[in-house]
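Because only heavy atoms are used, hydrogens play no part in the values below, and waters and symmetry mates are left out as well, while side chains stay in. Each chain gets a letter, A, B and so on, in the order the sequences are listed, and its residues count up from 1.
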There are 2 protein chains.
Amino acid sequence: MATTIRSVAAAAGVSVATASRALSGSPAVVDSTRRRVIQAAIALDYTPSRLARSLVTGSTGNVGVILPDITNPFYTSFLAGLEAALGAQDIGVLIGDSGENPDRENRLVRRMSTQVDGLVLASSRLSDEQIVAATSRRPVVLANRMLETSEELPKRLGQVVIDVHPGFTAAVNHLSSLGHRQLTYVDGPAQSWSGRQKRIALTLACSALGLPLRIRSTTRADFGAGRTAGRQVAAEAAQDGTTAVIAFNDQMALGVLAGLREAGKDVPGDLSLVGCDDSLEDGLAWPALTTVGSSARALGELAAHKILNPMGQEAGLIPTALIVRDSTERARSDRGAPVA
Amino acid sequence: MATTIRSVAAAAGVSVATASRALSGSPAVVDSTRRRVIQAAIALDYTPSRLARSLVTGSTGNVGVILPDITNPFYTSFLAGLEAALGAQDIGVLIGDSGENPDRENRLVRRMSTQVDGLVLASSRLSDEQIVAATSRRPVVLANRMLETSEELPKRLGQVVIDVHPGFTAAVNHLSSLGHRQLTYVDGPAQSWSGRQKRIALTLACSALGLPLRIRSTTRADFGAGRTAGRQVAAEAAQDGTTAVIAFNDQMALGVLAGLREAGKDVPGDLSLVGCDDSLEDGLAWPALTTVGSSARALGELAAHKILNPMGQEAGLIPTALIVRDSTERARSDRGAPVA
DNA sequence: TTCACGAATGAAACCGGTTACATTAACCAT
DNA sequence: ATGGTTAATGTAACCGGTTTCATTCGTGAA
């Protein structure tokens, strides 16, 4: 039923070898023959089977991507960047949603491994050992995660991450200069590697300024978790003196915003709020959210590049910067006072 | 290097045929043998090659999905539903972003066709003929789009759509009962099938009530297009008397919201606003957006079901309903007047 | 005892491409 | 003319599984 290369060869009156060579542009075939073959292929509407080709060449022409949550705009942008960069090279993209579940993620790795040339794991929830193990199946690029190992990295492992330091220290400096003296960080899930990076960056920046930092952990990184955290922050702000909140990502920041409002707090009137990722379209939040921005899309493109050119062991870095909008304001206690 | 079924067979001391049977659970293999083979497979960390299997069985175990824009939350939810439903059956998902470009979409169809068991085209930008042509390669499920053809449908074509009528007529009735007498619909791209459905539903509902409807078309369905449309609506509202706006989708509604605000208009004070898709997380918009809701996720799940069980020619339907929130309010001209 | 039959396993073809190697033919130098 | 190159094409093996068909062996009936 399907039109194979043998039917094309027959139609063109040549052997399958010649047909294959003619279609793949080998120079060892004379022009007149090539024309005949191509004409036959067009006439029969022939499309070569990627499966068969992959089987013999050993390269499949597609890569697998595993994300913790397709729905999250950060991963969506990441995926868009990745897909665009790979699609431009005519490479296919297999996706899997791990639902932040390591077992599921591992199953996806196994499942995909035999039909991709490489795997991109975004914010992987696997253990270092599991990741190293995956490496023995296919080349792997970690995005938004790095191995803890100080030993030499597996040869077939690449890493691309967002460097949160510049953005988060800028955020702390910004809040400090606005007179905020007690910050609260609403963290994401404890296993998250990037969450830890953020905690470190914030802790560093705060201690450099002698500012106290309160860290509030959550189990998920979504709107709902942010909301309950927001309510709690509001309830305890009177005691602990928190006047500014930094959130793990923008979705949680929106949740915090909602939680604070439910508790009768105004942003930025009562508390200032800083998000992360700059994943919200203009005007999507009200007030517009001050956020630590970085391009998830750029991260995706970098990951694509890394999986195609495995050379280079150093981690690829995408920088962050603070994007000041309307959700941060001078601390109430500091209002009217001269600028520091 | 890779561990193949032959190495497993050798290790277990059986032929490849027996190894294959043992692993695929054929009853024609005695238990003791099966155990030996399985042990060998585990010892060698054997994972069967999907490629090789597909080549001979003719079924690949994955489906392709083509979306106009991965970044759009509607398609993201759709994709999430689809991936979840297919993943549960251990079916892989290949994605492609057409960028709303028919040529690109066609290339993706060709590219994927040899490595998937079926194709899901979401809001396809292809012509009816092109879609029918794709059908001859693989079974196709159209999502959010139907063929115009009155002739018999190709046997291998399924359709799943969102039935916009209930939601949109409810929206019109809702606005009408609030005293709005001139509505403006901010449409999406003209080629969009679902856009046409929405125009039809609105026109019908309005004429049933004797309400005039102004339709404003745009070229893209994103925030930016909504914003410029919002500015224009604000500028002309004084002349044409528009007091309520319905948007093609929530992203555009947010754009319209931003555009109106830039022009000094308040929502819902000056104008009421209705979105579509209910794609925004709780509290993501301010004020919370009244919207015509339907579950893109459910549509994705239905598409997954349809591609797995091709039986049934009738289009699958996902209903819509109006979700009233805070962006719609009694028309200013009508305030203080008794409720109709 | 012999034969038929069925159960368990093995040998080999096959899926649709690519590619190493063999073959043919044409051309040039001797 | 003859032998050696080289260019163009053909033959067949191969990728890693599945599946058809053949083979072997044990068992029960004749």
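Between Arg50(A) atom CZ and dT18(C) atom P there is a gap of 11 Å when expressed in whole angstrom units. Residue Leu51(A) contributes atom CG, which lies 10 Å from atom P of dG16(C) at whole-angstrom precision. At whole-Å resolution of the value, CG in Leu55(A) and P in dG17(C) are 12 Å apart.
Side-chain proximity of Val16(A) to the nucleotides dA12(D), dG16(C), dC14(C) is greatest for dA12(D). Of the candidate nucleotides dG16(D), dT19(C), dT11(D), dG16(D) has the atom nearest to the side chain of Thr4(B). For Ser15(A), counting side-chain heavy atoms from C-beta on, the closest listed nucleotide (dG17(D), dT18(C), dT11(D)) is dT11(D). For Val56(A), the listed nucleotide lying nearest its side chain is dG17(C); candidates were dT18(D), dG17(C), dG10(D).
Ion pairing between a basic and an acidic side chain is recognised when a charged N comes within 4.0 Å of a carboxylate O; Arg50(B) and Asp90(B) show such pairing.
Looking only at atom types and distance, the side chain of Arg53(B) has no donor-acceptor partner in the side chain of Thr114(A) under 3.5 Å away. Using a 3.5 Å distance cut-off with no hydrogens or angles, the side chains of Arg125(B) and Ser98(B) do not pair a donor with an acceptor. No hydrogens or angles considered: nothing links the side chains of Ser7(A) and Tyr46(A) as a donor-acceptor pair under 3.5 Å.
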Under 3.5 Å donor-acceptor pairs involving side-chain atoms of residues 188-195 of chain A, not counting sequence neighbours:
unit_1    : atom_1 : unit_2    : atom_2 : d
Ser192(A) : OG     : Ser194(A) : N      : 3.4
Ser192(A) : OG     : Ser194(A) : OG     : 3.2
Ser192(A) : OG     : Gly195(A) : N      : 3.0
Trp193(A) : NE1    : Met146(A) : O      : 3.3

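Within the structure, every side-chain polar atom (N or O) of Thr57(B) is placed at least 4.0 Å from both OP1 and OP2 of dT18(D).
Side chains of Leu153(A) and Gln159(A) form a contact here, defined as non-hydrogen atoms less than 4.5 Å apart. Ile318(A) places none of its side-chain heavy atoms less than 4.5 Å from the side chain of Val160(A).
Of the candidates Leu121(A), Leu142(A), Val140(A), Leu121(A) is the only one forming a side-chain contact (heavy atoms from CB on, under 4.5 Å) with Leu126(A). Of the candidates Leu94(A), Ile70(A), Val93(A), Ile95(B) forms a side-chain contact (heavy atoms from CB on, under 4.5 Å) with just one, namely Val93(A).
Residue contacts for Arg6(A): at a heavy-atom cut-off of 4.0 Å it reaches a base atom on one of the strands shown. Across all strands, Ser49(A) comes closer than 4.0 Å only to sugar-phosphate atoms, never to a base (heavy-atom distances).
Remark on the helix from dT1(C)-dA30(D) to dT30(C)-dA1(D): inter-end axis angle 70°, axes from five-pair C1' superpositions, rounded to 10°.
Within residues 23-47 of chain A, the residues that place at least one heavy atom under 4.0 Å from DNA chain D are, in residue-number order, Ala28(A), Val29(A), Val30(A), Thr33(A).
The residue among Pro48(B) and Arg21(B) whose nearest nucleotide of DNA chain D is located toward the 5' end is Pro48(B).
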